[in-house]
Amino acid sequence: MVLRETRFIKEPAYMEELPKAYDARGVEERMLAKWLDGAYYGRSKGNEDRTVVIPPPNVTGMLHMGHALDDTIQDTFVRFCRMKGYSTRWILGTDHAGIATQTKVDKKLKEEGVSRLEIGREKFLEACWDWRREYGGIIVEQIKRMGCSVDFDDEKFTMSPEYAKAVRKVFVDWYHDGLVYRGKRIVNWCPSCTTAISDDEAEYRDEDSHLWHLRYPLKEPVDGREYIVVATTRPETMLGDTGIAVSPSDEDKAALVGKTVMLPIVDREIPIFSDWHVDAGFGTGFVKVTPAHDPNDYAMGQAHGLEQINIFDEHAVVVEGYGAFTGLNRDEARAAVVAWFEEHGLLDRIEDLNHSVMHCYRCDSALEPWLSEQWFVAVDKLKGPATQVVADGRIAFYPDRWKQSYMTWMENLKDWCISRQLWWGHRIPVFYCDACGWEDASLEDVDACPHCGAEVRQDEDVLDTWFSSQLWTFATQGWPDDPSLMQGHHPTKVLVTARDIIALWVARMIMSSLYFTDEIPFEDVFIYATILAKDGSRMSKSKGNGVDPMQLIETYGADAMRFNLLTLVTGTQDVRFDAEKLEDGTFESPRTEAARGFVTKIWNASRFVQMNLEGFTPGAPEIRTSADAWMFSRLAKLVRSVTSGIEEYRFGDVAHDLYEFFWNEFCDWYIELSRVSLKGAPDERLAAQRNLVFVLDNALRLLHPAMPFVTEAIWEKMPHAGDAPALIVAHWPEASDFAQWIDEAAERSVSLLCAVVGAVRSTRARYKLSPKADVPVTVKASEQDVRALIAQSELITSLARATELSISADASRPAESSAVVGGGCEVYCGLSGLIDFDAERARLEKDAAVCAKDVAKFEKKLSNPGFLAKAAPEIIEKDRARLAELKAKAELIEAQIADLP
């Protein structure tokens, strides 16, 4: 059977021999230069649009494993789409990262002996821009080194003038449409960063603390009772108490409702009331209410008309008016208040308590619920449409389970605090006239009041970073000045991101895009798994367990790191990255090492093909043998599975299929089966060469999106079909073109051959038999399989080095033989005279005893509560892995003993 005609652009005379060893660093530098010089990363024209926006990393950031996985997935998708002939655009950009950048610049100024307050806002902003110019490109260069084919010539920045104009328009329009308002509400306040933090940015951590039981004297005794006892985790905030609440269901306290207590220390008379916010079963059932320092207390204060007293300043230091407590920070005030209560006989008791505490996601300080005036987005008019487009399938989540997470979050969505008390960021475009009270939001700066002519001032706060990044899909494409640039590129195709910003970013992008463009921002949302450390904990710099992707690239190469990451995309919620930190600070990663082995395998297999092309002339491949038919059938199925896998974001499946095909089928079997033809008559040899080149060419195309460097380097030095100047823009194999070559009978036939040969080889390896040792082979198979095996008996004898080969449907196991079941048949290898069965049994039984002893030792160790309580998590994990290995080894030994005659 002759396949379609194939045109080649490489003649043998122009082929350069591949070096013996693969040099990842050298190849990566050369291929990167080739792609950039060739301008292959820009927009490509095609029949369907596949625009993707890169989630903008912090301008001052460094690549971490989350970025590496995110960018690898996107690049795999974009390279695939480019080769498929779609119109592709991958938009690059960075985020100004308000809090993170301001913190870094603050620290730099401090090291120089000055502060931002000393130099003023304008000079500080200049310092921020200087910082951005000096450090802002680091992560972009790292993304480039990974091989990401993003459009580096069209980089966006969330503080660029054109982007700032878009941000300002969104705020001004929402302000005039009544969707942005200013109000005094409880917010999560960071005393260290001195800014508000949104609910979604707060990180909760369980901490060991206490529940303090404090006595509050009743103004007048009730039934002989002179005080009540409140239980609190924050005794310092009692300075701001303006009420005591009990549950309406708590009948024992009903007589106290309407009475008052005298708040100790400040001698403030406060009422006792009932409210459904109170859990009668918590603490004593009496809850101190501090409306300015707790969201629930704020709600109760609003409902019952309580005074709101803010006892802390922006640094969480007690304000004036509290005597000896004034000037103390939260921790100091807590200790002082508890000491005062104890000194005055009002400390009832203290209980140990483990509870959840909010922390700042940037500086890790404990957040303070703090009453302050902030700007908010009213989300009621926005969340309905944003919920509907997901509910009706216009936006799909992959994996599908994240759809429900999104829907649940939208159902409980509260107004979004968008103001931040920073200098670096998009300054809120609201102007005030103190003379006449005029206020308005404006697209242009205002110097004088339009009503009275007096000088005006601009709001001091800046917008939350997520406010500006919510416009990412359309503000990066010409909106609002030239929305025509969006035509054909918006909505974008897929957003690849992490689950922890579904609420922070994904939902807000949907809300803003629907409001301002009347379009969804993207059709698909792909949520990838969180990469954890080897022991299952979250990677972090503070823990020292974070893995630097750049170190992995330096050690193993970019292709190996990328391919390993793709194997982790399995649809599970979290994945553990197997890596050990070495003394020199680098990392050793067994899985990435294995991926590097795959890169080497691809290189060596390609080099073998190239070295066997003497006399090669271009021409169509031709199916001459069952091995050819099998290989082309397997290739056809690979084209189908890889194409659908990438289109459906099943990147782990894609990586698995590519590995299985190239290593186990092409390298281990087809190349070996082709050796006979390569040594045959000239026409046989030429056919084998053309087939090997054809399969390798298409395999390289399928591998390219995941492993771009090694495949491009090989492809440019091999004969290949078409006239593409580089593999990055070569034609993607079409499943419809290959479908005609699917041959189930050929696949079954060759899989039987492989099973038999593999069984004989495994027997030789198990018993350490010499390759020259005569091994008679008997195969028991079904009638249909017998015919297929007999047709290939010559190949089986050659590949298995079998001295005798007997194949039948009713074969019985010969005496003194091993048995291996595989491929639906039984393979018996005669061992008579080749091994000492008694000695072999004795050796295996000795190994089994040693293995059983080790298993018992590790089982005892891992069942010891003392060891589990004290040992480091990574040690426990290592021991569990070792126990699993020992158990598997024990099972294998037992199987070998049972297999002995």
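All values below were derived from every heavy atom in this structure, side-chain atoms included, with hydrogens, water molecules and symmetry-related copies excluded. Note that the coordinates shown come from a computational prediction; the quantities given were computed from them, not determined experimentally.
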Peer 1: Under a 3.5 Å threshold, yes or no: a donor from one side chain and an acceptor from the other, between His96 and Gln102?
Peer 2: no
Peer 1: Let me know which of Glu554, Gln142, Met146, Met561 forms a side chain to side chain contact (heavy atoms under 4.5 Å, CB included) with Pro549.
Peer 2: Met561
Peer 1: Looking only at heavy atoms, which two atoms of His67 and Pro57 are closest? And how far apart?
Peer 2: NE2-CB, 3.8 Å
Peer 1: Going by an N to O cut-off under 4.0 Å, is there a salt bridge joining Glu118 and Lys123?
Peer 2: no
Peer 1: I'd like to know if Asp331 pairs up with Arg334 as an ion pair, taking the criterion as any Lys NZ or Arg NE/NH1/NH2 lying under 4.0 Å from an Asp or Glu carboxylate oxygen.
Peer 2: no
Peer 1: Do Gln74 and Trp90 meet the criterion of a side-chain donor-acceptor pair at a distance under 3.5 Å?
Peer 2: yes
Peer 1: Could you list all the salt bridge (charged side-chain N to carboxylate O under 4.0 Å, His left out) pairs where at least one residue sits in residues 60-70, not counting sequence neighbours?
Peer 2: none
Peer 1: Is there side-chain contact between Ile501 and Trp466, with at least one heavy-atom pair below 4.5 Å?
Peer 2: yes
Peer 1: Treating Trp370 as the side-chain partner and Asn188 as the backbone partner, does any N or O pair qualify as donor plus acceptor under 3.5 Å?
Peer 2: no
Peer 1: Just wondering, do Arg234 and Glu368 contact through their side chains at under 4.5 Å, heavy atoms?
Peer 2: yes
Peer 1: Can a donor-acceptor pair be found between the side chains of Gln374 and Ser419 at a distance below 3.5 Å?
Peer 2: yes
Peer 1: For Ser442 and Glu444, which I'm curious about, is there any donor-acceptor pair between the side chains at under 3.5 Å?
Peer 2: no
Peer 1: Please determine if Arg25 and Glu28 form a salt bridge, counting it only when a charged side-chain N lies under 4.0 Å from a carboxylate O.
Peer 2: no
Peer 1: Check whether any side-chain N or O of Thr94 sits under 3.5 Å from a backbone N or O of Phe157 as a donor-acceptor pair, and report yes or no.
Peer 2: no
Peer 1: Under a 4.0 Å threshold between the charged nitrogen and the carboxylate oxygen, would Arg427 count as salt-bridged to Asp459?
Peer 2: no
Peer 1: Within a radius of less than 6.0 Å around CD of Glu111, do more than 12 heavy atoms belonging to other residues, nucleotides or ligands occur?
Peer 2: yes
Peer 1: Output the distance between atom CD1 (Ile311) and atom CG (Leu328), rounded to the nearest 0.5 Å.
Peer 2: 10.5 Å
Peer 1: What are the two closest heavy atoms between Leu371 and Tyr298, and how far apart are they?
Peer 2: CD1-CE1, 3.6 Å
Peer 1: Do you know the tightest heavy-atom contact between Val187 and Ala196?
Peer 2: CG2-CB, 4.1 Å
Peer 1: Roughly how far, to the nearest 0.5 Å, is the CG atom of Asp481 from the NZ atom of Lys169?
Peer 2: 9.5 Å
Peer 1: Using modelled atom types and a 3.5 Å cut-off, is there a donor and acceptor pairing between side-chain atoms of Glu332 and backbone atoms of Asn329?
Peer 2: yes
Peer 1: Above 12 or not: heavy atoms from other molecules or residues under 6.0 Å from CD of Glu439?
Peer 2: yes
Peer 1: For Val462 versus Trp423, what's the shortest heavy-atom pair and its separation?
Peer 2: CG1-O, 3.9 Å
Peer 1: Cation-pi check for Tyr163 against Lys156: NZ or CZ below 6.0 Å from the six-membered ring centre and within 45 degrees of the axis, yes or no?
Peer 2: no
Peer 1: Does the separation of the ring centres of Trp424 and Trp129 fall below 6.0 angstrom?
Peer 2: yes
Peer 1: Do Ser356 and Arg205 get their side chains close enough for a donor-acceptor pair, meaning under 3.5 Å?
Peer 2: no
Peer 1: For Tyr181 and Asp415, does a side-chain donor sit closer than 3.5 Å to a side-chain acceptor?
Peer 2: yes
Peer 1: Test your reading of the model: is there a side-chain donor-acceptor pair from Arg420 to the backbone of Gly425, 3.5 Å cut-off?
Peer 2: no
Peer 1: Should Trp505 and Leu495 count as side-chain neighbours, where that means a heavy-atom distance under 4.5 Å?
Peer 2: yes
Peer 1: When you measure from the side chain of Arg576 to the backbone N and O of Ile531, does any donor-acceptor pair fall under 3.5 Å?
Peer 2: no
Peer 1: Side chains of Asp208 and Asn354: is there a donor and an acceptor less than 3.5 Å apart?
Peer 2: yes
Peer 1: With a 4.0 Å cut-off on N to O distance, would you call Glu162 and Lys165 a salt bridge?
Peer 2: no
Peer 1: Are Val430 and Asp440 close enough that some pair of their side-chain heavy atoms sits under 4.5 Å apart?
Peer 2: no
Peer 1: Ignoring hydrogens, what is the shortest heavy-atom contact between Phe376 and Gly183? Give both atom names and the distance.
Peer 2: CE1-O, 3.6 Å
Peer 1: Do NZ/NE/NH1/NH2 and the carboxylate oxygens of Glu373 and Arg185 come within less than 4.0 Å?
Peer 2: no
Peer 1: With a 4.5 Å cut-off on side-chain heavy atoms, are Val337 and Met238 touching?
Peer 2: yes
Peer 1: Do Trp35 and Ser149 come within less than 4.5 Å of each other through their side chains, counting heavy atoms only?
Peer 2: no
Peer 1: Any side-chain donor paired with an acceptor under 3.5 Å for Asp352 and His210?
Peer 2: yes
Peer 1: Would you find a donor on one side and an acceptor on the other, under 3.5 Å apart, between the side chain of Thr555 and the backbone of Thr586?
Peer 2: no
Peer 1: Do Asp434 and Arg457 meet the salt-bridge criterion of a basic N to acidic O distance under 4.0 Å?
Peer 2: yes
Peer 1: Give a yes or no answer on whether the side chain of Ser589 reaches the backbone of Asp578 with a donor-acceptor pair at less than 3.5 Å.
Peer 2: yes
Peer 1: Do Tyr556 and Gln551 meet the criterion of a side-chain donor-acceptor pair at a distance under 3.5 Å?
Peer 2: no
Peer 1: Do the side chain of Gln477 and the main chain of Thr473 share a donor and acceptor less than 3.5 angstrom apart?
Peer 2: yes
Peer 1: So, are Arg145 and Glu141 salt-bridged, with charged N and O less than 4.0 Å apart?
Peer 2: no
Peer 1: May I ask you to check whether Phe312 and His293 place their ring centers less than 6.0 Å from one another?
Peer 2: yes
Peer 1: By the definition side-chain hydrogen bond (donor to acceptor under 3.5 Å, both in side chains), identify the one residue from Thr72, Asp71, Thr592, Asp75 that meets it with Arg562.
Peer 2: Asp75
Peer 1: Checking the side chain of Thr101 only, and the main-chain atoms of Gly98 only, is there a donor and an acceptor separated by less than 3.5 Å?
Peer 2: no
Peer 1: Working note: His315 + Arg330, criterion side-chain contact (heavy atoms from CB on, under 4.5 Å); need CA distance, chi angles, decisive distance, verdict.
Peer 2: CA-CA 9 Å; His315 299 289; Arg330 289 177 297 180; over 6 Å; no
Peer 1: Is there side-chain contact between Pro369 and Pro295, with heavy atoms separated by less than 4.5 Å?
Peer 2: yes
Peer 1: What closest approach, in Å, do Ala503 and Arg508 show between heavy atoms, and which atom pair accounts for it?
Peer 2: O-NE, 3.8 Å
Peer 1: Please check: side-chain N/O of Arg168 versus main-chain N/O of Leu443, any donor-acceptor pairing under 3.5 Å?
Peer 2: yes
Peer 1: If you measure only the distance, is there a donor-acceptor pair under 3.5 Å linking the side chains of Trp375 and Asp464?
Peer 2: no
